[in-house]
Each structure stands twice: as structure tokens, then as C-alpha cells.
Amino acid sequence: MRTTEYLLSTLKETPSDAEIISHQLMLRAGMIRKLASGLYTWLPSGLKVLRKVETIVREEMNKAGAIEVLMPVVQPADLWEESGRWDKFGPELLRIKDRHERPFLLGPTHEEVITELVRKEISSYKQLPINLYQVQTKFRDEVRPRFGVMRAREFLMKDAYSFHLSDECLEKTYQKMHQAYCNIFDRLGLDYRPVLADTGSIGGSTSHEFHVLADSGEDAIVFSDQSDYAANIEKAEALAPSETRPEPTAELTKFATPNAKTIADLAEQYQVAPNNSVKTLIVKGVEDENGKQGLVALIVRGDHELNEVKAEKIDLVAEPLEMASDEDIFKTIGAHPGSLGPVSLSIPVYVDRSAAVLADFVAGANEDGQHYSGINWDRDVTNYQVVDIRNVVEGDPSPCGNGKLIIKRGIEVGHIFQLGTKYSEAMKAGVLTESGKHETLTMGCYGVGVSRIVAAAIEQNHDKFGIKWPAAIAPFELVILPMNMHKSHRIPDVANKLYESAKAAGIDVLFDDRKERPGVMFNDMELIGVPNVIVIGERNLDEGLVEFKNRQTGEKISLAIDEAIEFVKQQLESK
RNA sequence: CGGUGAUUAGCGCAGCCUGGUAGCGCACUUGGUUUGGGUCCAAGGGGUCGCAAGUUCGAAUCUUGCAUCACCGACCA
């Protein structure tokens with residue numbers, strides 16, 4: 001490809017609304033342009049990268065025995081009513097109506113459609129197991145799209161769904177997919193980790209996420225420093241403290257705290273140690289048989305944070321988790337947030353394991369502007385249950401029993417689930433077994449965020465000049481940079497010759513034939529991140545040489561003109 | 001969904017307070033200059049000032065409504 005016949009669209013200035021580095025570089029390198037919030041057009045060089053990622057994903061899926069299909073983006077609502085997700089999904093499900101006023105939706109995922117397909121097409125145990133996948137555009141009406149294609153509303157995803165008669169068979173495919181995902185991220189050249197995960201709104205039992213490690217990641221993932229335990233913080237269990245609760249030594253004492261609304265205020269104004277106080281969070285409870293929604297108190301130590309995913313799993317807590325309004329809290333408890341505590345609460349109380357071993361601690365008195373000190377469980381608070389509802393913090397013991405936890409940030413680029421029969425049961429997908437009995441299928445599902453990988457790869461591979469693409473997904477493998485081509489006859493001759501032989505050698509080559517100053521060309525190519533550069537200048541031509549430069553290492557060497565392309569070819573193949 | 005802020009040329013911004021010819025830098029076009037790391041000079045094109053209504057002789061500027069976008073928050077006890 002010649003630059004003069006291509007759409008490069010690089011920008012010198014950084015658009016002001018791009019926050020993270022990958023978003024800035026994707027805009028500056030002319031890979032994407034925003035159409036509306038969370039919606040992006042892929043320009044030629046961005047699309048090339050996207051396609052290369054897609055190709056690797058496809059190859060590894062095929063290699064693992066999955067079969068490609070393509071399902072519609074628009075899906076009829078009745079399928080989602082059948083699975084129960086029409087009501088359960090929140091506003092991020094974009095619902096639309098056709099001209100006949102029939103309800104449809106833009107697919108955020110395709111469990112319903114694939115289950116509908118399989119229940120019609122698969123009727124015998126002989127056809128199982130089967131693993132079907134597609135690479136398709138998804139739409140999720142995100143509350144807050146941000147970070148460019150990292151959290152866009154429309155995005156490209158590879159999703160696979162497998163169907164089985166037994167959990168053992170599902171487990172086998174699950175392991176195969178786990179391996180396929182490792183292969184994908186290895187080939188992409190990314191620093192990633194598979195971690196234990198919560199199954200979230202998709203449902204199911206066993207689940208792993210694949211995270212690309214990056215400080216800008218939106219997820220916290222925890223590792224053991226002594227074993228290979230790794231989990232999303234949502235999932236990581238906070239073990240019960242090993243020490244037993246000390247005996248009470250202090251009297252329950254009320255004290256006035258007119259200006260203390262937070263744990264930080266208490267610490268500052270009254271010298272209360274955060275780890276010897278508790279926070280009382282009030283959330284909405286499930287509806288009782290009369291449809292009345294009560295409140296539930298969740299208590300964590302003052303220096304800890306509530307883990308919403310864990311809290312949501314408590315039977316009496318409404319799903320999705322929602323904090324109670326100040327108004328409702330006051331009506332029920334008689335005090336406002338900032339002065340709440342476990343003493344004499346009339347609603348169900350759940351206490352985190354770490355908060356449950358405190359003695360003589362401080363909390364709100366359920367009376368505005370008042371706190372208690374010297375609170376003790378069982379003596380002052382009797383009706384409560386001890387549960388794990390907090391986020392682990394760095395240094396906590398690892399749930400696996402070995403080592404302490406470290407916390408890093410990650411970008412979720414893959415997620416695999418053992419779904420079980422959640423969808424197949426609701427939608428009646430089954431087959432006849434060898435003995436002629438009808439059996440419900442068990443399912444797995446496996447997703448890769450294709451467009452997000454492009455952004456994640458940049459987060460991990462860039463410098464002050466621009467993107468440093470891993471060779472496997474660079475928009476071009478090689479760029480030929482002739483210096484001041486229009487000033488000489490020799491330079492265009494050599495440049496054209498090298499360009500033609502690179503093409504003939506099957507190299508994905510860009511020929512920068514613009515009449516630009518050398519600085520402009522160098523800067524553009526470094527910004528775009530082409531990994532291999534051949535510079536042709538008068539200086540070297542006298543000796544029959546051209547210069548080769550590696551974008552990753554910055555290393556420069558001189559090559560004989562006739563050997564240059566062969567050398568690049570070897571470089572590419574050695575990776 | 002709540003708070004804050006923004007919306008003026010393709011991009012980044014000034015002008016608004018105090019109403020009266022719409023500006024700057026980059027990018028783009030043309031000519032010249034320069035030529036191994038974003039040269040320099042000159043000329044030029046490009047705007048319903050987000051939309052709608054109002055006040056006024058006159059609105060980018062004042063008022064009201066709407067829309068879009070962004071940031072922060074949604075873990076606050």
C-alpha cells in the first residue's frame with residue numbers, strides 16, 4: 001500500500017475528550033473516529049488491526065473444534081421473555097420496536113438465539129457435543145461509555161456456545177476453550193492472566209476471566225504471592241480472621257458527633273481508629289409475600305469496602321443490589337446515614353467476618369449526630385449473621401491457604417462460563433439419549449472482546465512516540481521510508497524495487513511515498529506503530545546500503561539493498 | 001441515574017463579564033524556501049457561534065427551554 005493512496009489521518013494534537021493512552025493513540029494514529037457516545041467508526045489502519053485480532057481468534061477457535069455461525073444483531077423479544085432476561089436485564093438492553101410495534105432488542109449477547117437454534121437443529125445425542133461460535137457486533141447501552149473502544153456501546157465480540165449431555169463433557173470443552181484462550185493471548189503477544197470470576201448476569205457456576213494487565217484496567221484482580229491463585233476481586237473470598245474476638249472491656253457509651261458523617265470524620269475529630277469502627281450500609285431487601293420491600297443492614301469494618309457481588313448473594317438482599325434512599329432509611333430507622341450502627345436495629349443485620357471479631361468498637365447510634373463507643377457483639381447486638389461481604393485488601397491471606405494477596409489492575413478481554421442448564425431448561429433445549437430418554441442439554445459459553453483487545457494491546461505497548469504493536473497485530477509489518485524521494489532518481493528506484501519485492505515476498509508493506517519532510521514521515525510511522533522500518537537515503541545509497549530499524553527495540557542496522565527484504569522476512573518469521 | 005462543566009472552522013482554543021465588522025494556533029490549498037527527525041515566508045479557502053424561543057434598533061455575547069458531549073460520583077453512612 002502506498003500512503004498517497006491510503007487514508008492515514010494522523011493527528012498532531014490530542015483530542016481533549018480522550019482520557020486513557022490507548023484512546024488518545026487510536027485517535028491520533030487515525031484508527032478510529034467517534035460518531036456518537038460509545039459508537040466508533042474504524043478507519044482503514046484500525047480496521048486492519050481489528051481484522052488481524054479477529055483472524056487469530058478465529059484460527060484458534062477452529063483449531064479447538066468450534067464451528068463458526070453468524071447470528072442476527074436484532075433479536076425478537078419473545079426469546080428473551082422465554083429465558084426470563086427481558087425483565088431481568090436493566091436499561092443497558094436496548095429495546096426497539098419494528099413497524100408492526102413488535103418488540104425487539106439489539107443483542108448484547110446471544111445465549112437465547114443460539115439456544116433457539118440448537119433446540120431446533122439438534123435432536124440426537126449423536127450430534128453432541130457441539131461448540132458454535134460467531135464474531136459479531138454487540139450492543140450494550142452502557143450507563144457511561146468511556147475510554148474509546150475499551151468501553152463502547154457497540155463493540156465486536158467473539159462468542160462461542162457449547163452444548164453437552166453431561167457436566168464431564170462440558171468440563172472437557174471448558175478446558176479446551178481455556179487452552180484456546182491462552183493460545184490466543186499468547187499469539188497476540190499480550191501479558192495476561194486467567195483468573196477465577198463471578199458469573200454475573202449471564203449465570204452459571206464455574207467461570208474464568210482473562211485479563212490483560214494494565215494500570216488503567218477497570219477491574220481489580222488479586223493474586224497470591226506464593227501460589228498460582230488468581231481471582232477477580234468480586235470473587236475473592238475474604239477469609240475469617242484467625243484471631244478470636246476479645247472479651248468486652250468497655251461500657252456501651254453514647255457520645256455526640258454533630259459533624260461526623262463518615263469514618264474519616266470520626267477518625268479525624270474523635271481519634272477513632274477506622275479498623276475499630278464499623279460502617280452500616282442499608283440496602284433494599286427482597287419483597288415479602290405482600291410485595292413490601294424491607295431494608296437490610298450490611299456491616300463492614302470501617303476501613304473495609306462492601307463487595308456488592310457477595311452482598312447480592314444474600315437471600316434477603318434484593319438483586320440487583322441497591323442502596324436504600326436516605327428517606328427510607330430515616331423512616332425505618334429514625335436516623336440518617338452518617339449516624340447508623342448495629343445497636344437496636346429492627347431490620348436483618350449481616351456482619352462481615354472481620355467486623356464480627358471486633359470488641360469495644362465504635363458505630364452510629366441510630367440517632368442523628370450520635371455515636372456509640374464500646375459496642376460489643378452478643379452483649380449489645382444480638383440478632384445478626386456473620387458473612388463474607390467485603391472486598392479483600394492487599395496483604396489479606398490468600399483463600400487458597402498459601403501466601404498473601406497482591407492486587408493489580410486488569411482489562412477483561414475474555415470470559416468463559418460453565419452455564420449448566422440455565423438457558424436450555426428455560427427454553428427447553430434437549431435431545432433424545434441412547435436409551436430414548438429426553439435429556440436437557442448443559443451449556444458453556446465463551447466470550448472474547450475483540451475490539452477491546454485492540455485498545456488493551458495499546459495500553460500495554462506504547463511509548464512517547466506512539467504505539468509499539470506486537471508484530472502479530474500491527475496494521476503493517478513493514479514501512480519503506482524514502483528520504484526526499486522527489487530530489488533524486490536513485491531513491492525512488494530503490495524504494496520502488498524494495499516495495500515490489502516486499503509485496504512479492506508476502507509482506508504486509510506500506511510505502512510512504514508522500515512528498516513530506518523526513519521528520520513528518522518518521523513521526524507518523526512511529527505513531528502508527530509499524531514494527532519494521534526500512535529507510536532509504538542518499539547517505540547510504542553510495543555504499544549500496546539501506547537502514548533497517550526495529551520499532552520495538554529502537555535498534556538500527558545497515559543492510560545491502562538486495563538483502564533487505566529477505567532480512568525483514570526472517571525477522572517476521574522468527575516471531 | 002445524580003453533580004459539575006462544556007458546545008465558536010477538521011482539531012485545540014480565545015472572544016461572552018461590559019450586546020455593535022467572528023478571531024488565534026495547528027491542519028487544508030497555492031507559490032517559494034528548506035531537506036536524515038513535525039523548517040521558514042507569503043497568499044488563500046473554510047463558520048446558519050449546538051438547536052429553539054424570548055429581550056433588543058441590533059445577540060456568539062443577556063434570558064428561558066431543549067439537545068449533545070465530557071468529567072466526577074453512584075462504596076455514602
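Numbered from 1 within each chain, the chains take letters A, B, ... in sequence-line order.
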Donor-acceptor pair, side chain of R151(A) and main chain of R144(A), under 3.5 angstrom: no

In whole angstroms, the gap separating C1' of G38(B) from CG of D512(A) amounts to 13 Å

The side chain to side chain contact (heavy atoms under 4.5 Å, CB included) partner of I467(A) among R551(A), E526(A), M31(A) is M31(A)

Distance-only donor-acceptor test (3.5 Å): side chain E516(A), base G38(B): no

Checking A70(B), G36(B), A77(B) against the side chain of S37(A) (C-beta onward), the nearest is A70(B)

Within residues 360-378 of chain A, the residues having a heavy atom closer than 4.0 Å to RNA chain B are none

note: L527(A), atom CG; C11(B), atom P; distance rounded to Å ~ 18 Å

Give me the distance, rounded to whole Å, that separates G36(B) from G31(B) when you measure between the P atoms they each carry. 23 Å

Next item on the list: Give a yes-or-no answer on whether the side chains of D360(A) and S373(A) include a donor-acceptor pair shorter than 3.5 Å.
Entry: no

K464(A) atom NZ is separated from G37(B) atom C1', nearest whole Å, by 12 Å

Note: for G537(A) and G338(A) on RNA chain B, the residue whose nearest nucleotide lies more 5' is G537(A)

If pairing means Watson-Crick or G-U wobble with both distances under 3.5 Å, then the partner of G2(B) is C72(B)

Reckon L481(A) touches a base, only the sugar-phosphate, or nothing at all at heavy-atom distances under 4.0 Å? nothing

Of the candidates C1(B), C69(B), U34(B), the side chain of K34(A) sits closest to C69(B)

By nearest-nucleotide position on RNA chain B, the 5'-leaning member of I389(A) and S16(A) is S16(A)

Are OP1 or OP2 of C26(B) and a side-chain N or O of K12(A) less than 4.0 angstrom apart?
no

Tell me which donor-acceptor pairs under 3.5 Å the side chains of residues 341-348 of chain A have, and how far apart each pair is, sequence neighbours excluded?
none

Parallel, tilted or perpendicular: which fits the ring planes of F255(A) and H371(A), with parallel below 30° and perpendicular above 60°?
-> tilted

Across all chains, not counting sequence neighbours, the ring pair (Phe, Tyr, Trp, His ring centres under 6.0 Å) partners of W377(A) are F361(A), Y384(A)

- Query: Counting only distance, no hydrogens or angles, is the base of G12(B) paired donor-acceptor with the side chain of D17(A) under 3.5 Å?
  - Reply: no

Atom CE of M485(A) and atom C1' of G36(B) are separated, to the nearest Å, by 15 Å

- Judged by modelled atom types alone, do N532(A) and N550(A) share a side-chain donor-acceptor pair under 3.5 Å? no

Q.
What's N540(A) touching, base or sugar-phosphate or nothing? Going by heavy atoms closer than 4.0 Å.
A. base

Against the side chain of E19(A), the closest entry in C71(B), G36(B), U35(B) is C71(B)

R151(A) atom CZ is separated from A70(B) atom C1', nearest whole Å, by 17 Å

Winner on side-chain proximity to R539(A), out of A77(B), G36(B), C69(B), is G36(B)

Q. At under 4.0 Å, does any side-chain N or O of R517(A) touch on OP1 or OP2 of U39(B)?
A. yes

Taking a pair to mean Watson-Crick or G-U wobble geometry with both distances below 3.5 Å, C62(B) pairs with G54(B)

Checking U35(B), G37(B), G38(B) against the side chain of H486(A) (C-beta onward), the nearest is U35(B)

Any strand, both distances under 3.5 Å, Watson-Crick or G-U wobble: G19(B) pairs with none

request  = Pick base, sugar-phosphate or nothing for V300(A), based on heavy-atom distances below 4.0 Å to the nucleic acid.
outcome  = nothing

Which of U35(B), G36(B), A77(B) is nearest the side chain of F522(A)? It is G36(B)

Of R514(A), R517(A), K12(A), the one forming a salt bridge (charged side-chain N to carboxylate O under 4.0 Å, His left out) with D524(A) is R514(A)

With the side chain defined as heavy atoms from C-beta on, E526(A) is closest, among G36(B), A77(B), G37(B), to G37(B)

The nucleotide from C71(B), G36(B), A77(B) with an atom nearest the side chain of N484(A) is G36(B)

Of C69(B), G73(B), A77(B), the nucleotide closest to the side chain of R144(A) is G73(B)

inquiry  = Parallel, tilted or perpendicular, judged at 30° and 60°: which one describes the rings of F548(A) and F567(A)?
reply    = perpendicular

**Asked** Between U29(B) and G45(B), how far is it from one P atom to the other, in whole Å?
**Response** 15 Å

Taken to the nearest whole Å, CG/D524(A) to C1'/C26(B) is 14 Å

- [ ] Kindly indicate whether the side chain of K556(A) and the base of G37(B) share any N or O donor-acceptor pair separated by less than 3.5 Å?
- [x] no

Pairing partner of A67(B), by Watson-Crick or G-U wobble and under 3.5 Å for both distances, is U7(B)

Only residue of T3(A), V509(A), V530(A) satisfying side chain to side chain contact (heavy atoms under 4.5 Å, CB included) with V479(A) is V530(A)

Confirm from the modelled atom types if E547(A) and G36(B) form a donor-acceptor pair under 3.5 Å, side chain to base only.
-> yes

Of the candidates C26(B), U39(B), G38(B), the side chain of E13(A) sits closest to C26(B)

When rounded to whole Å, the CG to C1' distance for the pair L11(A) and G12(B) reads 11 Å

